[in-house]
Each structure stands twice: as C-alpha cells, then as structure tokens.
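Computed from heavy atoms alone, side chains included, the values below leave out hydrogens, waters and symmetry copies. Here the structure is a predicted model, which is why all the values come from computation and not from measurement.
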Amino acid sequence: MSSNTKTVRPRPAALITQWDHEADVVVAGYGVAGASAAVAAAQEGADVLVLERTGGWGGAAAMAGGFIYLGGGTPLQKACGFEDSVESMKAFMTEALGPGVDAEKIDAYCQGSVDHYGWLVECGVPFKASFWGEPGWEPPGDDGLQYTGGENAAPFAATIPPAPRGHVPQMADKQSGGERGGGYMLMKPLTDTAAALGVRSVYDTRAQTLVTDESGRVVGVVATQYGKEVTIRARRGVVLATGSFAYNDRMVEAYAPRLVGRPAASIEEHDGRAIQMAQALGADLAHMDATEVAFFCDPQLFVRGILVNGRGQRFINEDTYPGRVGQATLIENQNQAFLVIDEAAYEEALTTPTATPFLRHQPTWVCETVEELEAEMGLPGGTLQSTVEVYNRHAADGQDPVLGKKAEWVKPIGSPVAAIDLRGFTGGFTLGGLRTSVDSEVLHVSGEPIPGLFGAGRCTAGVSAGGYASGASLGDGSFFGRRAGRSAAKG
C-alpha cells in the first residue's frame, strides 16, 4: 500500500501509472444523494460507477424514517386535500431553515419540487395518498403525508399558509429505522432504477482522496478496498455524496461543539472524509455549526403538557415540530428540559398510537401540588408555580398568548401533577458542509467551481442553514443529487 494512501491531499494524475476502474461519472457514496446522482447521470447517457465503503447501498437514508420534504402542490398533497404553493413553501423554508439560507437553492428547490416528486414516482418510489395528523416523529402506519416542520404551529402559521410537506414512501409492516423504515422504500427503488440503467457499483471501497490533472481539474479518486489502494478514473466528473461529519470527533469539536458526544439519526460512516478531500483542493464550506436536533420524548406526551427549562420557564410552543423543540432545548436552554403534565393528560397520551413507544417515559416526580413538584425538582421557589399559574389562567379560556400553542392542546394543568426529567435528552447530526452551486458544483473559496467536482447530500450545505424540517436531508440530498449527476454527466 502506498505510504500516502490515507492523506487527503490530492494525487497528481501524472503519478498514477494505471487505473483499476474507469467511468464517465464516479460517485462516492451510495446513500440517497449518491443514488440520485447515479440515476440522473445514467439518464443523461453517462457510464456511471458508484463507490461505497460498506457492503451494500443504503447509507443513512435507508435507516431513516424516510421523509422527503416536498411541496408546492404535489399530487400527494392534492390527493390528501391540501393546497400549497411554491410561494408559501419558499416563505416557510426561508423562515424556518435560517438564518442565512441560500436563497437561490431554496428557490430552485421549491420551483422544482413537484417535478422532483414526479421523478421519484417514475423511479418507483411508492406514496400512499393518506394524511397522518397526530403529533409524532413519523406516522405509525403507512400514511404518506405529515406536517414535519411546524408549518401549522406558531410562529409560522400566523403569516404563512400552512401545508404538510413531509412525504414518506409507503412501507408495509414498517418499523422505526432499519430495513423496515420508510427510507428503505426510498433507497430500494432508486438503486433498482440505477441498476436497470447500467450503473455499476463497487462495495467495501472507501474514497480517500481526489486525483487532479495539471490544470487542477478533478479526474479521479484514490480509494482503499480490503486494505489495498484502488484508483478510479472519472472521464467527466466526480460526485461526492458520502454523508455528514457527525462521527468525526475532531470536526464536531471544531465546528459543531454542541453535538460532542451526542450523534444521533446518523451512521458511523459519516466521518467527514469527502469534506476534507475537497477542502484539500480549496473548497469553501458553509453552515458548519448547523445541526438537526432530535428530542427523545414522544410528542403525544409533551404536546399535552408544558416544557420548562432549568429555571422553570416555558420556552417553546409544545405543538410545534419536535425537531424545533430539540434545537430550542440544546441550543437555547443548555440542554435543560422538563415536561410538566397532569395525570389525566399523561394517561390520555398513553392511549394514542405512536411510531415511537420507546420515547414514552415514566414520570420522574409525582406530587399533589405544583409547589411540592417545584421543590422536588429542585427549582427556585415560585418559578414553576408562576409559570403554571400564568399558563392555567389563559388555558381556562383555551388560549396560550405566551407561546401560541393551538387551542386543541391547551388545557389547565390539574392534580396530581408530574414532571419528566428530559435534561440531556437530545442528539443529532450536522447540516453543514461543502458550499455548492445550485447545479451542485463544489465551489472553491474564490467562489468559482472546482472543475470536475460535484457534491450533494449531507457532505454539502443544502437548504438547511440553521433550522431544520424532517425530510430536508432526504429532500435536498435527492434533489441536488440529481443535479450533481446531470452536471457531472455534462462534464
């Protein structure tokens, strides 16, 4: 094995005496971005080779719940009785996924959303025309549409017409995560389509660095397979699609320190290698501090109570997208959260259907009065009492003027009353990465495209700049993966 196989510094093409593989377009990573790139490049007539470091296709996408964030009036939205417009989708994504969103990317994504839905369906991805309207991380059954960003909750619903945009592929006997999740039924049709188009794949092959010619153009990849160096020539372009940096401890410490020790909804292969390979060519980065944050509690529980921080104060409307709850807990409240809920509401929550029964936690403290509960929790005297008093005063009229929770979820908190200790119950994955153009070209720090290099998925900075909605990763990974494949095929 060459002594410099593990370096991310680019390898000059002049030093490579023979190529082990060759294709028009070489894709690194066979998750949703890589599969979409491979299909799109093959549809353009390119000869495509995919390199995948594990033993098979799938990546994080195949393990995911499967949401794809789409809107603007998709056939599924219409079939479920919802109206949506490109303008509403764009307004919501700009507001909810910022600050600092890439306006050009959001615009392209929203304008192309209905077409992208059609492309996925053409590739064989199945969607059931039914809507799941209960609180939850994902539908417990095979329903195809759900609110996944807090579109129908404060503060967005007051100014932007809400529409559900979480499109989830249909999967019988679904289980949360693994081969029984909705993400599998996104990946299998895409990879089947790729195979039917003649896309080749090489497994157990890990991209290590890029190969450049004397002009600086990317013309190939150096990889390792079973401990040996493998060289792959790309006649037209290389697409990087190897996932986030959530499992690279050094990068997380440097860029997204709030996630140190708490990666979730990610896979260990997400080690940031593609980001470093492109950085070695002078690639620019964006939104490296942005993180999706999961909140490990069942929304059917917390929507019926109030969430308070370490000072006994409410900090978010509990009926919003649970990912917003996670971000607010970790980023704005030092990872401190408690759920305060009365016995009747808790018992009612336990009777509801859920995809995540393992997130239904037992109460940590149960008391007859809020004053006693406050003392048991170790909160400063009067803090929780005043929070509950204000909440109950308005809840008697079915209102929440403080944070805007919808009337259907606003009920006074009675007795006995419990609190569930949810401190530290967060985890997540990184959203930042390589800065790319709207056509998925990897951009140099100068702002110009790096010739021959394209990227998509979580190794790039997509539509999420700070906030998140479930489906944004599979959504922009597949959407800009398609664009990466098309751009690379054109060379």
Contact check, side chains of [X] and [Y], non-hydrogen atoms, under 4.5 Å:
X: R200; Y: D47; value: yes
X: L285; Y: L434; value: yes
X: S36; Y: L190; value: yes
X: I267; Y: T54; value: no
X: S201; Y: Y30; value: yes
X: L281; Y: H444; value: no
X: L186; Y: L120; value: yes
X: V199; Y: V39; value: no

Please report the C-alpha distance between V168 and Q146 in whole Å, then the side-chain angles of each, then the deciding distance to 0.1 Å, and finally whether the side-chain contact (heavy atoms from CB on, under 4.5 Å) criterion is met.
CA-CA 8 Å; V168 63; Q146 182 183 327; over 6 Å; no

Output the distance between atom [atom1] ([X]) and atom [atom2] ([Y]), rounded to the nearest 0.5 Å.
X: E87; Y: Q111; atom1: CD; atom2: CD; value: 7.0 Å
X: M187; Y: S478; atom1: CE; atom2: OG; value: 10.0 Å
X: F245; Y: Q276; atom1: CZ; atom2: CD; value: 10.5 Å
X: Q327; Y: N333; atom1: CD; atom2: CG; value: 12.5 Å
X: T329; Y: L307; atom1: OG1; atom2: CG; value: 6.5 Å
X: I275; Y: N248; atom1: CD1; atom2: CG; value: 8.5 Å

Apply ring-ring contact (aromatic ring centres under 6.0 Å, His included) to [X] and list each qualifying residue two or more places apart in sequence or on a separate chain.
X: Y109; answer: F479
X: F156; answer: F92
X: W119; answer: H116

Tell me, please, which residues at least two apart from [X] pass salt bridge (charged side-chain N to carboxylate O under 4.0 Å, His left out).
X: D192; value: K188
X: D115; value: R482
X: R206; value: D271
X: D439; value: R483

Any idea which heavy atoms bring [X] and [Y] closest together, and the distance?
X: G467; Y: L431; result: O-CD1, 4.0 Å
X: M63; Y: G59; result: CG-O, 3.8 Å
X: V222; Y: I16; result: CG2-CD1, 4.4 Å
X: A283; Y: V445; result: O-CG1, 3.9 Å
X: S446; Y: E448; result: OG-OE2, 3.0 Å
X: G477; Y: A456; result: O-CB, 4.3 Å

Would you confirm whether [X], through its side chain, and [Y], through its main-chain N or O, come within 3.5 Å as a donor-acceptor pair?
X: Q77; Y: T74; answer: yes
X: T430; Y: G432; answer: no
X: T205; Y: Y203; answer: yes
X: R165; Y: G471; answer: no
X: E441; Y: I450; answer: no
X: S487; Y: S440; answer: no
X: R258; Y: L330; answer: no
X: R11; Y: T209; answer: no

Summary of side-chain hydrogen bond (donor to acceptor under 3.5 Å, both in side chains) pairs that have at least one residue in [range], sequence neighbours excluded:
range: residues 277-293; result: D284-R435
range: residues 90-100; result: K90-D107
range: residues 121-130; result: K128-D142, S130-D143

Aromatic contact between F429 and H270, with the criterion being ring centroids under 6.0 Å apart: yes or no?
no

ring-ring contact (aromatic ring centres under 6.0 Å, His included) partner of H361, the single match among F295, F302, F425:
F425

What verdict does the salt bridge (charged side-chain N to carboxylate O under 4.0 Å, His left out) test give for R236 and E44, after you've listed the backbone C-alpha separation in whole Å, the side-chain angles of each residue and the deciding distance to 0.1 Å?
CA-CA 12 Å; R236 299 188 200 169; E44 294 287 330; over 6 Å; no

Between Y69 and L97, is a side-chain contact (heavy atoms from CB on, under 4.5 Å) present by the stated rule, with each step listed?
CA-CA 12 Å; Y69 199 84; L97 303 185; over 6 Å; no

Show your working on side-chain contact (heavy atoms from CB on, under 4.5 Å) between T231 and Q18 and close with a plain yes or no.
CA-CA 8 Å; T231 53; Q18 75 173 73; 5.6 Å; no

Who pairs with S470 by side-chain contact (heavy atoms from CB on, under 4.5 Å), at least two apart in sequence or on another chain?
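Only F67, T148, Y321 meet the side-chain contact (heavy atoms from CB on, under 4.5 Å) criterion with S470.
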
When you look at Y468 and S473, which way does the side-chain contact (heavy atoms from CB on, under 4.5 Å) test go after all the steps?
CA-CA 9 Å; Y468 192 70; S473 286; 2.8 Å; yes

Could you give all pairs that pass the salt bridge (Lys or Arg N to Asp or Glu O under 4.0 Å) test and reach residues 456-480, with sequence neighbours left out?
R458-D476

